[in-house]
Amino acid sequence: MTIKGFTGPDVPVYAEIKDCIRCGMCLPTCPTYRELGQEMDSPRGRIALIKAVADGRLSLDDPDFTLHMDRCLVCRNCETVCPAGVNFSHLMEDTRSQITRSAGNGRSIQERLLRFVILGQIFPYPARLRLLGGILRLYQRSGLQALVRWSGILQRLPGHLDSAEALLPQLSKDFFLPQPEEMPPPPVYPIRRVALFSGCIQSLIFADVNRATARVLAHNGCQVMAPPLQVCCGALHSHSGETDLARDLARKNLDAFAAAAVDAIIINAAGCGAMLKEYNHLLHDDPVYAARAEEFAAKVKDINEFLADLPLVPPQGRLEWTVTYQDACHLAHAQHIREAPRQVLRSIPGLELIEMVEADYCCGSAGIYNLVQPELSQEILQRKLGHVIDTHAQVVASPNPGCALQIQSGLRQKGLSMRVMHPVEILDRAYRQPAAN
Ligand code: SF4
Ligand code: SF4
């Protein structure tokens with residue numbers, strides 16, 4: 001079937017397509033162009049393809065169109081250098097929404113099933129996510145994981161099960177639940193009242209990052225609460241073209257945070273933060289939620305951004321660590337936050353911050369990209385890992401769980417012992433060190 005043009009909701013805005021002046025400045029910054037060397041896997045090439053569909057010269061259900069769109073990481077590296085201010089992520093998310101809705105989009109049955117199960121049946125439901133987390137934790141702790149890896153059985157099964165399994169990090173001993181029991185005691189005279197957005201991956205895999213975030217906020221005079229009915233932010237869904245699911249999740253979060261009379265909504269995951277700050281765009285034509293989404297988005301603060309604005313209570317303990325910082329794409333390119341995490345790290349006595357080359361280059365994680373495009377994701381990761389390793393730092397500071405998982409798995413595969421930590425975890429560790437004399 002040939003589908004001419006885009007239709008229905010989430011049509012890529014033609015004026016935004018035409019913003020591209022075809023200068024090519026984005027090409028060297030684009031990870032897929034650098035790896036594959038093809039114009040159609042560059043931002044400029046992808047915009048040309050989107051325009052061809054909009055003009056009716058190319059069919060929306062052309063499998064090659066889907067291929068080049070799906071290879072994009074939505075890392076937004078291209079937006080940072082674009083002199084015309086093209087909002088590439090909006091174009092790509094709308095385009096993927098169109099592809100997802102077109103039945104014959106060229107995606108394999110296996111990939112559709114993976115998207116349906118992960119995005120549609122697991123992530124929107126916190127209880128199911130925790131159940132899956134519990135099963136995986138049992139798999140790891142019972143010794144079954146070691147046996148499966150030793151047997152090499154996954155390499156003989158269809159799909160990319162072996163590469164997906166290799167990404168599996170150690171799950172947290174105790175998952176983080178957005179409940180009052182998880183919150184530190186409030187300061188006697190709180191200077192701010194804030195709500196913590198706990199995130200789904202963060203709560204299962206990096207639960208201690210959430211606990212460290214709450215402790216650091218309390219140490220800096222904040223009263224912290226976490227609305228219990230919050231759900232996944234919808235970033236994975238939005239990037240994958242599951243826009244209706246992303247909207248449903250956004251509405252649930254707006255309801256969950258509605259009663260929280262707070263000064264700020266704090267998030268420690270860069271990808272989720274970028275999504276939450278765009279709820280106003282996602283729900284801009286929703287008659288009930290548009291105004292609430294605007295108000296909510298204005299209150300969202302990345303933890304690094306929030307701490308750097310306070311000013312921060314200086315840590316008294318020393319950490320004699322060498323640390324390199326990795327700019328997560330969705331913090332640097334989407335939220336334009338680069339200095340704040342470095343400021344947080346530099347505030348720690350004894351800590352030496354070593355800059356890596358291309359610190360803001362994508363690591364290839366990108367939501368479920370490392371599951372649906374495993375080979376390309378690994379190639380992109382190798383470039384990043386090379387830069388990380390060249391610093392010889394003891395710790396890689398990463399402000400995003402997806403990047404932390406990706407880099408951790410790459411280091412593990414190379415048998416390296418560098419640790420990956422969130423900047424706020426490092427700060428929390430410094431606060432808990434005895435004061436230096
Ligand atoms: S830098 Fe911007 S204007 Fe130039 S080709 Fe890339 S997307 Fe188009
Ligand atoms: S978002 Fe990233 S992968 Fe996609 S076109 Fe831009 S730079 Fe390339």
Side-chain angles (χ1 to χ4, degrees), residues 12-55 64-100 235-241 243 270-271 274-275 277-278 281 326-336 338 358-384 387 400 402-403 406:
V13 177
Y14 201 71
E16 285 184 7
I17 297 173
K18 286 182 68 184
D19 280 345
C20 174
I21 54 172
R22 305 193 51 74
C23 65
M25 285 178 73
C26 51
L27 269 60
T29 70
C30 173
T32 56
Y33 179 74
R34 272 163 92 154
E35 289 301 328
L36 302 168
Q38 297 188 68
E39 175 72 12
M40 293 309 141
D41 289 308
S42 77
R44 183 176 65 185
R46 290 188 174 111
I47 294 170
L49 289 173
I50 295 169
K51 185 166 185 300
V53 172
D55 291 343
D64 280 344
F65 180 66
T66 304
L67 176 78
H68 296 300
M69 296 304 125
D70 281 356
R71 278 186 186 156
C72 172
L73 297 131
V74 201
C75 66
R76 302 173 72 167
N77 283 227
C78 49
E79 288 181 22
T80 296
V81 294
C82 176
V86 172
N87 193 322
F88 191 83
S89 64
H90 286 176
L91 282 181
M92 184 50 68
E93 283 164 6
D94 285 342
T95 300
R96 285 193 176 159
S97 188
Q98 296 279 324
I99 291 173
T100 300
L236 297 178
H237 304 81
S238 176
H239 298 333
S240 306
T243 320
M275 179 79 247
K277 286 181 179 181
E278 294 219 343
H281 170 73
Q326 173 257 339
D327 284 283
C329 294
H330 283 87
L331 204 58
H333 302 295
Q335 300 182 59
H336 313 292
R338 292 167 185 267
E358 293 183 342
D360 65 352
Y361 190 72
C362 182
C363 66
S365 166
I368 59 166
Y369 192 88
N370 49 13
L371 297 179
V372 293
Q373 302 280 347
E375 287 95 7
L376 199 45
S377 165
Q378 277 299 311
E379 283 163 26
I380 294 165
L381 171 64
Q382 295 314 311
R383 183 182 183 95
K384 185 84 187 187
H387 296 323
N400 190 48
C403 312
Q406 176 89 337

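Quick caveat, the model's predicted, so the values are computed rather than measured. In what follows, every heavy atom counts, from backbone to side chain, and hydrogens, waters and symmetry copies are set aside. Here, residue 1 is the first one in the sequence, and each next residue gets the next number. For ligands, and for the atoms within them, numbers begin at 1 and follow the listed sequence.
Between F88 atom CZ and T80 atom OG1 the span is 13.0 Å, to the nearest 0.5 Å.
Annotation: atom 6 (Fe) of ligand 1 to nearest protein heavy atom, C26 SG, 2.3 Å. Scanning the protein heavy atoms around atom 8 (Fe) of ligand 1, the nearest turns out to be C20 SG, 2.4 Å. Nearest protein heavy-atom neighbour of atom 5 (S) of ligand 2: R46 NH1, 3.2 Å. In terms of protein heavy-atom proximity, atom 2 (Fe) of ligand 1 is nearest to C82 SG, 2.3 Å. For atom 7 (S) of ligand 1, the closest non-hydrogen atom on the protein side is I47 CD1, 3.7 Å. In this structure, atom 3 (S) of ligand 1 lies nearest to the protein heavy atom I21 N, 3.3 Å. Considering only non-hydrogen protein atoms, atom 4 (Fe) of ligand 1 sits nearest to C23 SG, 2.3 Å.
The two residues D360 and A332 have their closest heavy-atom pair at CB-CB, 4.3 Å. For H68 against D41, the heavy-atom pair with the smallest separation is ND1-OD1, 2.9 Å.
In the model, T29 has no side-chain atom that pairs as donor or acceptor with a side-chain atom of R76 under 3.5 Å. With no hydrogens or angles considered, no side-chain donor-acceptor pair links E79 and H333 at under 3.5 Å. Donor-acceptor pairing under 3.5 Å is lacking for the side chains of S240 and E93. Of the N and O atoms on the side chains of N87 and S89, at least one donor lies less than 3.5 Å from an acceptor on the other residue.
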Full working for salt bridge (Lys or Arg N to Asp or Glu O under 4.0 Å) between E35 and K384:
CA-CA 13 Å; E35 289 301 328; K384 185 84 187 187; over 6 Å; no

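Two residues are said to be in side-chain contact when any heavy atoms from C-beta on lie closer than 4.5 Å; L27 and E39 meet this criterion.
Residue R22 approaches ligand 1 through these ligand atoms, each under 4.0 Å from one of its heavy atoms: 5 (S), 8 (Fe). Under a 4.0 Å criterion applied to the non-hydrogen atoms of G24, ligand 1 contributes the atoms 4 (Fe), 5 (S). Listed by number with element, the atoms of ligand 1 under 4.0 Å from a non-hydrogen atom of P83 are 1 (S).
Remark: distances from the non-hydrogen atoms of S42 to ligand 1 are all 4.0 Å or more. Between V81 and ligand 1 there is no heavy-atom distance shorter than 4.0 Å.
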Atom pairs and distances, donor-acceptor, side-chain atoms in residues 14-23, under 3.5 Å, two or more places apart:
unit_1: Y14; atom_1: OH; unit_2: K51; atom_2: NZ; d: 3.4
unit_1: Y14; atom_1: OH; unit_2: D55; atom_2: OD1; d: 2.6
unit_1: Y14; atom_1: OH; unit_2: D55; atom_2: OD2; d: 3.4

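Of all protein N/O/S atoms, those under 2.8 Å from atom 2 (Fe) of ligand 2 are C75 SG, and waters are not counted.
For D94, there are no salt bridge (Lys or Arg N to Asp or Glu O under 4.0 Å) partners, not counting sequence neighbours.
Within the structure, the ring pair (Phe, Tyr, Trp, His ring centres under 6.0 Å) test picks out no pair touching residues 22-47 (sequence neighbours left out).
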